[in-house]
Every structure is written in C-alpha cells, then in structure tokens.
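Beneath this line is the structure, given in structure tokens, with notes to follow.
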There are 2 protein chains.
Amino acid sequence: MHELFFESFNTKVQLTKEEELQIAKYLTPKKLRKKQYLLQEGDPCKYVAFVEKGALRSYSVDEKGNEHIIQFAIEGWTISDLYSFLTDEPATYNIDAIEDSELTLISKTAHEELLLTMPKFETFTRLNITGAYVAMQKRLTSIISSLSEDRYESFNAIYPDIVQRVPQHMIASYMGLTPETLSRVRKKMVGR
Amino acid sequence: MHELFFESFNTKVQLTKEEELQIAKYLTPKKLRKKQYLLQEGDPCKYVAFVEKGALRSYSVDEKGNEHIIQFAIEGWTISDLYSFLTDEPATYNIDAIEDSELTLISKTAHEELLLTMPKFETFTRLNITGAYVAMQKRLTSIISSLSEDRYESFNAIYPDIVQRVPQHMIASYMGLTPETLSRVRKKMVGR
DNA sequence: AAAAAGCATTGACCTATGTCAATGGAAATC
DNA sequence: GATTTCCATTGACATAGGTCAATGCTTTTT
C-alpha cells in the first residue's frame, strides 16, 4: 500500500523508514471504479489524490453541458481541485476515474499537519507544485501559440501512454477541440 | 529598497527584523527602462524578479514571428522563466519591461541557499508558486471553455489595472487573439 | 447471444477568428 | 514643434473549427 507514493517521494526527498511510517499514518488508501467520482462540482475538495494505479481526469462542465478536461492523472501523478482544497470553497471541477483505480489520499488536516511538522513534506509539496506549474505553463503556451496539429503531435510525443489508454474524445476535450475536429486533424496528419 | 517585497513576504510568512536583514543580503535591486529585456530567449534565466514598481511581460515568439504573451507582472507580482531558472536550460521565453520598472532580483544561488537555510523562505516560495498555479489553472480553464467575449469581460473584472496600463494588442496576445479580433469583440460588447 | 451504449468517422453547412491592407489619431522621439 | 512610430479600428476576404446528423464498429451490459 502507498508503494508508488513513497517511491515518488523518495526520488524527490529521501526519507528514513521511520519518517515513512510517520507519514503513512496520515495516508488513506481508496479504490475507485471506472466512472466513479472522487469529487463533484459544488462539493468542497477534501483530498489530494495520488494515483497508485489507474487513470483519472478532472474537468469542468460549461453552460451548454460540454465537458472540458483540465487534467489527466495516471500512475505517479497527483490530482485535486487545489483551489477548493486550499480555500474550502465549493469545487469548480469534477474528478472521476477513467479506469478502475487505486489512490493514496491526503486529507486537508493531514496535509496541514504534515506541512507544519515535517519539513521534508513541505519540500516534497513544493517540488510537486513547481513541476505541475512548469508543465501547465508549457501547455498554456502551446494552446495560445501552436496549431492544433502541432499540439496533437506534441501531446502524442509527451504522453504516448495517455493516448493509448484514454478515448480520443477526451484527448480532444483536453486540447480544447471537438471530437470531430480532432478526428479530422488526425486524418490530415496520416498523409505525412 | 525591497519594501514591497518584504511587505508581500510578511503577509504570507511573518518575519523578524533580523530575518529580513538576513534575506536582504541575497537580494539585488535592478531598474529597467521600458522595452529593456530582463531575459532573452536562448539565454539561461538567472533570476526570479519581484516587481517593486512598473510592469513587465513574458512572451514567446513563434515561427511566424508572432509574440504570445504568457504573463504580465505588475507591482507585487513575480516573473521569471521558471523552467529555465530551475534547470539552467536556455530560456524559451523573453521578459521585458512594459513601463520603466524597479525590480528585486533573487539569483539562482541566492534562491538555493535561502531554501536550504530558511524554512520560512521555502514556505514563502511554496505559497507563491501555489497561488500562481491556481491562477494559471483558472486561465487555462477559461481559454478552453469560454467564449472570447466572456474571457475579455472576466479579464477586465479581475485585472482592471492591467487593462488600464497595457496596450490593447498585448491583452489580445495574452488572450490568444489577434488585435483585430479583440477590437471587434470589444465593439460587439459596447452595445450591451 | 442479444441489445444497448459508447465511440470514431464523415459530410454539409455555419460561425468565429485570422490575414492583409488602409486610415486616422495618439504618443514618443528628435 | 515637427516627424516618426505606435496603436486601434474597419473592411474584404480566407480559413480553422464548431454543429448537427448519419453510419458502422466496438465494447459493455444484460
């Protein structure tokens, strides 16, 4: 239990066995079946979830009922509605499982206590959020400056595993395109 | 010197006078004239800059020579090419001054030493990056799910000061639109 | 095994945004 | 104060992407 979580932790900040045990007390394992929600829009987000196994997505739903995928998370990734988690405001995103999944949950109180008592946890958190920030900035840059064709190509190059595991219309949603448009973009690319 | 920097620091993490003096040793003031570069694409990003006065932008330039603004930074904000700063890779963004500006710079070595020696600096850094992450996620969400008209309206509501100070074509660039399109969007909005 | 649901593709058509060029005014520079 | 540069706007036209509807295939459910 929590194997991958600690593996990931140790590659960023090295822990002793005692520290691992100390942190483990604050962690909750959770299994989620495909399509089950971890979080629904309007509820406060109570957890940060680390994916041990499976795949999840966070997404918003607009007035017309269209879903817009904000983030995918597969093994080794973290997912949450961070704004809601930090402020206790109602979540603006939904999070659900794309595949049957196993998670390591960190509750808000656990998160706060760990930050106060374990400097290494704060470092781990800082490195995680920094990495997420840099990744998101790259995504933003490509959205405002690249053609959809190039964006799909680079998504394929960076996340081939996600392309394999996730239905194409979700990739389209993540890219801010309709499924039809992504289908046509792909068709155009085959030629070359 | 560094007044605003410490004011901002203290609202996030309270410092003693001694700690302020300790940190101040690592800070460098810098003035930048309008249009001067703080960073040019290709150079390694050596600083994180806190804006004491003035306004800056970071932007990328695509193959066609079009500029795409990634971020604005006015008084109290921080700007950098974080990926380049952390990895020493060549910067992919340019940063320049939109107005004559005064900055507080933190060099890479200063940043590293402060993180190692001052837990409060790590907390400050973590809170900053977390806030920046949440803000950027909101921007991303609105780009992939809102009409340009709504996006401009909400940009106006959130950053009225930037709209006042920055030429409209830069707002367009930030929104991923051409100046012509933003001009038309605005025209359509006047009616209502 | 049969039925239902989910998914990718395609066509016809529509809308938003981009491109290019011209204009006039404002601001910066000399 | 004159000149130049920068900037926002507008028109005509081109293109990317969205919408709606139909089809056939695959996966899931019963």
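Chain letters run A, B, ... following the sequence lines, proteins first, then strands; residues in each count from 1.
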Separation of C/dT17 C1' from B/Met175 CE (nearest whole Å) = 12 Å
Residue whose closest nucleotide on DNA chain D lies nearer the 5' end, A/Ser148 versus B/Pro167 | B/Pro167
Measure centre to centre between the rings of A/Phe5 and A/Phe124, then say whether the value is under 6.0 Å.
-> yes
Rounded off to whole Å, could you give me the CD-to-P distance for the B/Glu180 and C/dA21 pair?
-> 12 Å
Rounded to whole angstroms, how far apart are CG on A/Asp62 and C1' on D/dT19?
-> 14 Å
Rounded to the Å, how far apart are A/Leu177 CG and C/dT15 C1'?
-> 16 Å
Decide if atom NZ of B/Lys46 counts as having more than 12 heavy atoms of other residues, nucleotides or ligands within a radius under 6.0 Å.
-> no
C/dC7 P sits how many Å from A/Arg186 CZ, rounded?
-> 15 Å
Presence of B/Thr181 side-chain N/O under 4.0 Å of C/dT17 phosphate oxygens OP1/OP2 | no
What integer distance in Å separates B/Leu147:CG from D/dG18:C1'?
-> 12 Å
Report yes if a side-chain nitrogen or oxygen of A/His169 is closer than 4.0 Å to either non-bridging phosphate oxygen (OP1 or OP2) of C/dG6; otherwise report no.
-> no
Does B/Lys188 have a side-chain nitrogen or oxygen under 4.0 Å from the phosphate oxygens OP1 or OP2 of C/dT15?
-> no
Just call it for A/Leu182: base, sugar-phosphate, or nothing, with non-hydrogen atoms closer than 4.0 Å on any strand.
-> nothing
Whole-Å gap separating C1' (C/dC7) and CE (A/Met170) | 11 Å
Looking at B/Leu103 and B/Ala49, what are the two nearest heavy atoms and their distance?
-> CD1-CB, 4.2 Å
Residue-phosphate contact under 4.0 Å: A/Lys187 side-chain N/O, C/dT10 OP1/OP2 | yes
Check: D/dT19 base within 3.5 Å donor-acceptor of A/Arg184 side chain = yes
For the rings on A/Phe155 and A/Tyr174, is their centre-to-centre separation under 6.0 Å?
-> yes
Donor-acceptor pair present, A/Gln168 side chain and C/dC7 base, under 3.5 Å | no
Mind calculating the distance between CG (A/Asn66) and P (D/dG17) to the nearest angstrom?
-> 17 Å
Counting side-chain heavy atoms from CB outward, which of D/dG17, C/dG6, D/dT9 is closest to B/Ser183?
-> D/dT9
Decide, yes or no, whether a salt bridge links B/Glu67 with B/Arg57 under the criterion of side-chain N to carboxylate O below 4.0 Å.
-> yes
